Amino acid sequence: MLVAAAVCPCPPLLVPEVAAGAAPELDTARAACADALGVLAAARPDLLVVVGPAEQSGRGVHAEGSRGSFRGFGVDVDVRLGAGGAGGVGVGPGADGGEGVGVRPGADGAVGVDAGPGADHGDDEEPRPLPTSLAVAAWLLERTGWSDAPIEGLAVGEPLEPERCIQTGSAIAGRAERVALLVMGDASACRTLKAPGYFDERAAPFDAEVARALGAADVAALRALDAELAYELKASGRAPWQILAGAAEGAGLGGSLLYEDAPYGVGYVVAAWS
């Protein structure tokens, strides 16, 4: 059952070494993320699942101990998802090819719910590197000294249909008696003329509704997000947010909006549910 969730943006610029001289501009966002992770720790989960967007090569399950790097952004910063080792509850049946409910890459490159073989590479192969969203999550967790529960990462693709997101979230919530989610993803990337997706007048209203829904723990509103509009606005958080909606169904959690802004023309939202 889902007992808590933290929602954070996933730009590499959250890592000060990547942001360099612009690092102070996101200090407030970093502080909000730390507060959101504090809510997760206070919930005393048995399992923390980190969900974030990824390109096709990075999709699927990433076991505890998987490593990531920001060397591709020109800085010598490496991260690790949790303490490593077997991963305990996080990489148990269903996630590594055993029986039960797990996750697998679908025919469209997305990740869906599956009974049977999972998406990770098993114990005999070197884990894949973390995609950027999960690497940012690992950096946030290291920064706050997370040691409160086993961790598992799940990277999903933009094509993941809303209903499959809901099913995936529901399956995650059933993985342990007390499950927490760290949900990574950005809102629109079209808030200004210099934004990565250029200016789109639909971006601000979309982001406002996302922030309202995440701040209010409005599961119905998250389920109803328009996947096509989110794609057009380059909102990478759509699928992770709808996975959160599936996991939170019936959990009775309340929400709090901790941060909402659009530096660099990209919408960043931080929220905590408990």
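Here the structure is a predicted model, which means the values were calculated and not measured. Basis for what follows: all heavy atoms, side chains included, without hydrogens, waters or symmetry-related copies.
Without hydrogens or angle criteria, Gln242 side chain to Ile166 main chain gives no donor-acceptor distance under 3.5 Å. Judged by distance alone, the side chain of Arg30 and the main-chain N or O of Leu14 form a donor-acceptor pair under 3.5 Å. No side-chain donor-acceptor contact under 3.5 Å links Ser256 to the backbone of Ala272.
Other residues, nucleotides and ligands place more than 12 heavy atoms under 6.0 Å from the CD atom of Glu17. Sparse packing is recorded around CZ of Arg44, with 12 or fewer heavy atoms of other residues, nucleotides or ligands lying under 6.0 Å away. Other residues, nucleotides and ligands contribute over 12 non-hydrogen atoms within 6.0 Å of the CD atom of Glu142.
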Passes salt bridge (Lys or Arg N to Asp or Glu O under 4.0 Å), Glu232 versus Arg202? Steps please. CA-CA 10 Å; Glu232 292 174 1; Arg202 302 171 297 174; 2.8 Å; yes

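Put simply, the side chain of Val49 does not reach to within 4.5 Å of the side chain of Leu182, judged on heavy atoms. No side-chain heavy atom of Val7 sits less than 4.5 Å from a side-chain heavy atom of Leu181. Contact of the Pro263 side chain with the Leu26 side chain is registered, since non-hydrogen atoms from C-beta on lie closer than 4.5 Å.
Salt bridge Asp76/Arg71: present, at least one basic N to carboxylate O contact under 4.0 Å. For the pair Asp78 and Arg67, the salt-bridge criterion is not met [side-chain N within less than 4.0 Å of a carboxylate O].
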